[in-house]
Amino acid sequence: MHAKMTKQAVFSLSLVFLCLCSTTLGQAPAQAPAQAPAKPTHGPPKHTHARPGSPDVIKILQNVGGFSILIRLLRTTAVADQIKGQLDNSNTGFTLFAPTDSAFSNLKSGTLNSLNNEEKIRLLQFHTLPKFYSLENFQTVTNPLRTQAGDSNPGDYPLNVTAAGGQVNISTGVVNATVTGTLFSSNQLSVYRVDSVLLPMDIFVPKAPPAPAPAPVPVLKPKAKTKPAATPKSITPTSTPTTNTTTTPTVLVDSGAMGLTKHGILVSVGFATFIAAFSL
């Protein structure tokens, strides 16, 4: 009896096991749970207004080579930092004329050493135009061009740039230079190689001494009015009454005595002497 119950229990367990195995094998593999849909973003996408990095003048010159003196001046005067800061905030761009080391070597000995720091800054700023110019733009520019150094009036910082036949020439009123190549050009910055240092008139042309002040004009005192001297009245000769007298002719004596006439009677001195001697 006990054995029979045991066999039935084992048989029942076997059937249950077979059913479970069939159910498990017939089911499809479980799928991974679906991800929750992304939440929609509200409003338009944000745009960055950050400006791409501005060109670095020092790196441009270093990559080309042959501009060690210009690089040193740009650094010691902080003009390189000034150009970079202005490029970051400028909508018109900049143009730089870069003299080579040979151009600086052609300067008169002691030229750079004779300049103070302010004059060196002005010299470098004179090589910078506050606007981007392509080589083609120089064919239609209106001279003189304004530089970063200051006013373009005659005697200050005028810069004349002309283009003809594919050649760009520069005149400062002190020296003439030629653009010999393009080192860099973008919509922000253009850098051109020049064969001479651009010397501005304000620094390198001796100024005439000021004209001396005019001498004061002496104040003349008015002369005192003098009365004109009285002119003597002319005396009109009065006519004397005429008398009936007989005029005795004048007798000339050898003694040369002078004849005297009085009331028409001529008395001769010589004749009177003669009568006196005869009476004795």
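Numbers here are sequence positions counted from 1. Worth knowing before you read on, the calculation uses all heavy atoms, side chains too, and leaves out hydrogens, waters and symmetry mates. What you are looking at is a predicted structure, and each value in this text was computed from that prediction instead of being measured.
In this structure, the side chains of Thr128 and Phe97 stay at 4.5 Å or more apart for every pair of heavy atoms. Here the side chains of Ile71 and Gln62 are in contact, with some heavy-atom distance below 4.5 Å. Val191 has its side chain out of reach of Phe67: every pair of non-hydrogen atoms, C-beta onward, lies at least 4.5 Å apart. Thr147 is not listed as a side-chain neighbour of Leu198, based on a closest heavy-atom distance of 4.5 Å or more. Side chains of Arg122 and Ile203 form a contact here, defined as non-hydrogen atoms less than 4.5 Å apart.
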Do Ser190 and Ser185 pass the side-chain hydrogen bond (donor to acceptor under 3.5 Å, both in side chains) test, and can you show the C-alpha distance, the side-chain angles, and the key distance before you say yes or no? CA-CA 4 Å; Ser190 56; Ser185 182; 5.6 Å; no
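Criterion: ILVMFWY side-chain heavy atoms under 4.5 Å apart, direct or through other members. Under it, Phe184 and Phe132 are not part of a common hydrophobic cluster.
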Identify each donor-acceptor pair in which a side-chain atom of residues 161-171 lies under 3.5 Å from a protein atom, sequence neighbours left out, and give them as a table.
from   : atom 1 : to     : atom 2 : distance (Å)
Gln167 : NE2    : Asn169 : OD1    : 2.9
Asn169 : OD1    : Thr178 : OG1    : 3.4
Ser171 : OG     : Asn176 : OD1    : 3.2

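Here the two rings, on Tyr133 and Phe138, have centers that are under 6.0 Å apart.
With hydrogens and angles left out, the side-chain atoms of Gln148 and Gln82 include no donor and acceptor closer than 3.5 Å. For the residue pair Asp195 / Thr180, no side-chain donor-acceptor distance below 3.5 Å is found, with atom types taken as modelled.
The backbone N or O of Asn143 lies less than 3.5 Å from no partner atom in the side chain of Asn160, so there is not a single donor-acceptor pair. Thr111 contributes no side-chain N or O that, together with a main-chain N or O of Leu107, makes up a donor-acceptor pair within less than 3.5 Å. Proximity of a side-chain donor or acceptor of Thr172 to a complementary backbone N or O of Leu199 within less than 3.5 Å is detected.
Within 6.0 Å of NZ in Lys131 there are 12 or fewer heavy atoms belonging to other residues, nucleotides or ligands.
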